[in-house]
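Order of the sequence lines fixes the chain letters, A, B, ..., with proteins taken first and strands second; residue numbering starts at 1 for each chain.
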Amino acid sequence: MVEIVNVVASGSLNVELDLERLASDMGEPVARYNPEKYPGMYLRFEDDTPLITVYRTGKFIITGASSEEDSYVLRERFLNLLTDMEVIVEPEDEWFSIQNYVCMAELGQNLNLNALAIGLGLENTEYEPEQFPGLIHRPEGMNGVVLLFATGKVVITGCRTVDAAEDIFADLTETISKF
DNA sequence: TGAGCGGCTCCTTATATATCAGCTTCGG
DNA sequence: CCGAAGCTGATATATAAGGAGCCGCTCA
């Protein structure tokens with residue numbers, strides 16, 4: 001069983017936005033806009049809600065959500081706000097989809113990463129403890145990357161669905177049980 | 001030779017994980 | 001005044017986005 005720790009989603013409003021005006025209308029600390037540092041405007045409703053990064057082109061990114069539903073709820077809130085502000089006419093965007101899930105899991109046993117690097121296949125594995133303490137594994141034929149740590153904790157990232165992350169973890173559990 | 005354009009890299013954000021160096025702070 | 005303890009920021013992973021800067025290539 002994997003636990004979702006971060007969801008990244010992106011979408012488009014299909015409308016050119018005046019970020020300077022939007023940022024001043026919304027005001028800090030909800031809106032933060034510093035075009036000299038980065039072209040996107042950051043929008044955060046409350047301290048614990050995910051972050052929305054909005055661009056001049058109308059495209060936006062939601063990061064920091066803890067579930068797919070969390071992302072969709074925030075997108076709804078964002079669209080409603082823009083409708084209320086009369087930036088857009090109807091609360092409907094052109095497209096919106098989940099781009100990346102970051103998940104955490106535990107194998108329940110300590111791992112010998114040196115041995116595991118060989119066991120998982122050197123061609124799909126990178127382990128340089130002097131550079132980073134985790135072993136990086138790219139399971140063959142699957143979209144996603146696994147970070148394995150000596151404590152048995154695992155981070156799975158790069159998946160577009162939770163099922164994909166679950167599949168990767170199931171395969172990993174099975175492979176490791178053979179050692 | 002220089003202008004223009006395409007492609008590439010970096011920046012920023014979230015998030016778990018762990019390990020290092022370097023820095024500040026605190027107590028004896 | 002020094003060692004220990006704690007904190008910060010780097011390391012690496014994925015992913016979207018727009019802009020800046022850089023490099024190489026082509027054409028006039």
Side-chain angles (χ1 to χ4, degrees), chain A residues 1-20 22-23 29-68 70-75 78 93-114 116-117 120 124-139 142-169 172 176:
Chain A
M1 197 64 192
V2 305
E3 179 198 345
I4 302 169
V5 294
N6 183 27
V7 179
V8 180
S10 65
S12 175
L13 301 166
N14 204 27
V15 184
E16 180 102 7
L17 301 172
D18 180 350
L19 298 182
E20 203 73 57
L22 266 184
V30 171
R32 285 182 295 128
Y33 182 48
N34 202 328
E36 283 168 30
K37 194 183 174 198
Y38 189 70
M41 178 188 83
Y42 300 119
L43 191 56
R44 176 172 264 141
F45 296 124
E46 279 104 32
D47 284 350
D48 285 332
T49 52
L51 179 78
I52 307 175
T53 310
V54 190
Y55 299 89
R56 175 190 55 77
T57 56
K59 291 185 178 175
F60 63 97
I61 303 170
I62 297 180
T63 53
S66 48
S67 66
E68 177 177 351
D70 201 10
S71 297
Y72 276 82
V73 166
L74 193 70
R75 158 199 174 240
F78 175 53
D93 47 5
E94 191 190 357
W95 53 269
F96 183 75
S97 61
I98 305 294
Q99 300 294 344
N100 183 28
Y101 279 95
V102 183
C103 302
M104 211 214 82
E106 289 204 35
L107 288 164
Q109 57 176 292
N110 289 339
L111 303 172
N112 178 342
L113 298 182
N114 283 307
L116 207 54
L120 290 172
N124 311 316
T125 296
E126 292 170 50
Y127 180 48
E128 289 170 58
E130 285 168 22
Q131 192 177 38
F132 187 71
L135 181 153
I136 298 149
H137 176 57
R138 295 164 201 276
M142 308 187 90
N143 293 317
V145 174
V146 184
L147 309 186
L148 291 131
F149 298 89
T151 56
K153 291 188 179 180
V154 175
V155 173
I156 301 166
T157 186
C159 298
R160 291 188 107 88
T161 63
V162 182
D163 283 349
E166 295 278 6
D167 286 349
I168 287 173
F169 185 62
L172 184 70
I176 286 174

For nucleotides 6-11 of chain B, give me one character per nucleotide, 5' to 3': B if any protein heavy atom sits under 4.0 Å from the base, S if the only such contacts are to the sugar-phosphate, - if neither.
-----B
Nearest-nucleotide 5' precedence on DNA chain C, A/N6 against A/T53
A/N6
Dot-bracket for DNA chain B, please. Rules: Watson-Crick or G-U, both distances under 3.5 Å, ( ) within the strand, [ ] when a pair crosses earlier ones, | for another strand, . otherwise.
||||||||||||||||||||||||||||
Extract, from 5' to 3' on DNA chain C, the first and final nucleotides lying under 4.0 angstrom from some heavy atom of chain A.
C/dT11 to C/dG19
Looking for any heavy atom pair under 4.0 Å, which part of the strands does A/I61 touch: base, sugar-phosphate only, or nothing?
base
Between atom CG in A/L43 and atom C1' in B/dT13, what is the gap in whole Å?
13 Å
Rounded to whole Å, how long is the line connecting atom CG of A/N100 with atom P of B/dT13?
17 Å
Nearest-0.5 Å distance, CG of residue A/L113 to CZ of residue A/F149:
9.0 Å
Test applied, side-chain contact (heavy atoms from CB on, under 4.5 Å); reference residue, A/L148; option that passes from A/L111, A/V155, A/I136
A/L111
Measure CD/A/Q99 against C1'/B/dT13 and give the value in whole Å, please.
15 Å
How is A/S66 classified with respect to the nucleic acid when contacts are heavy atoms under 4.0 Å: base, sugar-phosphate, or nothing?
nothing
Side chain to side chain contact (heavy atoms under 4.5 Å, CB included) between A/L172 and A/I176, intermediate numbers included:
CA-CA 6 Å; A/L172 184 70; A/I176 286 174; 3.9 Å; yes
By the 4.0 Å heavy-atom rule, please label A/Y42 as base, sugar-phosphate, or nothing.
sugar-phosphate
Between the CD1 atom in A/I52 and the OG1 atom in A/T63, the distance rounded to the nearest 0.5 Å is 9.0 Å
How far apart are the closest heavy atoms of A/I168 and A/C159, and which atoms are they?
CD1-SG, 3.8 Å
Pair A/Y72, A/I62 - check side chain to side chain contact (heavy atoms under 4.5 Å, CB included), show working.
CA-CA 9 Å; A/Y72 276 82; A/I62 297 180; over 6 Å; no
Sugar-phosphate, base or nothing in reach of A/L147, heavy atoms under 4.0 Å:
base
For the pair made of CD1 in A/I62 and C1' in B/dT12, what is the distance, rounded to whole Å?
17 Å
So what does A/R44 hit on the nucleic acid, given a heavy-atom distance under 4.0 Å: a base, only sugar-phosphate, or nothing?
sugar-phosphate
To the nearest angstrom, the CD-C1' distance between A/E126 and B/dT17 comes to 16 Å
Starting from C1' on B/dT15, measure out to CD1 on A/I156 and report it in whole angstrom.
14 Å
Donor-acceptor pairs under 3.5 Å, side chain of residues 4-13 of chain A to any protein atom, not counting sequence neighbours: which ones?
from: A/N6; atom 1: OD1; to: A/G64; atom 2: N; distance (Å): 2.8
from: A/S10; atom 1: OG; to: A/Q99; atom 2: NE2; distance (Å): 2.9
from: A/S12; atom 1: OG; to: A/N14; atom 2: N; distance (Å): 3.2

Give A/V102 one of three labels, base, sugar-phosphate or nothing, depending on what nucleic acid heavy atoms sit under 4.0 Å from its own.
base
Against A/V146, only a single residue in A/L120, A/V154, A/T125 fulfils side-chain contact (heavy atoms from CB on, under 4.5 Å); can you say which?
A/V154
Contacts of A/T49 that satisfy side-chain contact (heavy atoms from CB on, under 4.5 Å) - sequence neighbours left out
A/R44, A/F45, A/E46
Using 0.5 Å steps for rounding, measure from the CG atom of A/L147 to the CE atom of A/M104.
12.0 Å
Output a table of nitrogen or oxygen pairs between the protein and nucleotides 18-22 of chain B separated by less than 3.5 Å.
from: B/dA18; atom 1: OP1; to: A/T151; atom 2: OG1; distance (Å): 2.6

Looking at A/E16, I'd like to know if its CD atom is crowded, meaning that more than 12 non-hydrogen atoms belonging to other residues, nucleotides or ligands lie closer than 6.0 Å.
yes
Indicate, with a heavy-atom threshold strictly under 4.0 Å, whether A/S10 touches base, sugar-phosphate, or nothing.
sugar-phosphate
Worked check of side chain to side chain contact (heavy atoms under 4.5 Å, CB included) between A/Y101 and A/V2
CA-CA 11 Å; A/Y101 279 95; A/V2 305; over 6 Å; no
If you round to the nearest 0.5 Å, how far is NE2 of A/H137 from CE of A/M142?
9.5 Å
Could you walk me through whether A/L43 and A/F60 satisfy the side chain to side chain contact (heavy atoms under 4.5 Å, CB included) test, starting with their C-alpha distance in whole Å, then the side-chain angles of each, then the deciding distance to 0.1 Å, before giving a yes or no?
CA-CA 10 Å; A/L43 191 56; A/F60 63 97; over 6 Å; no
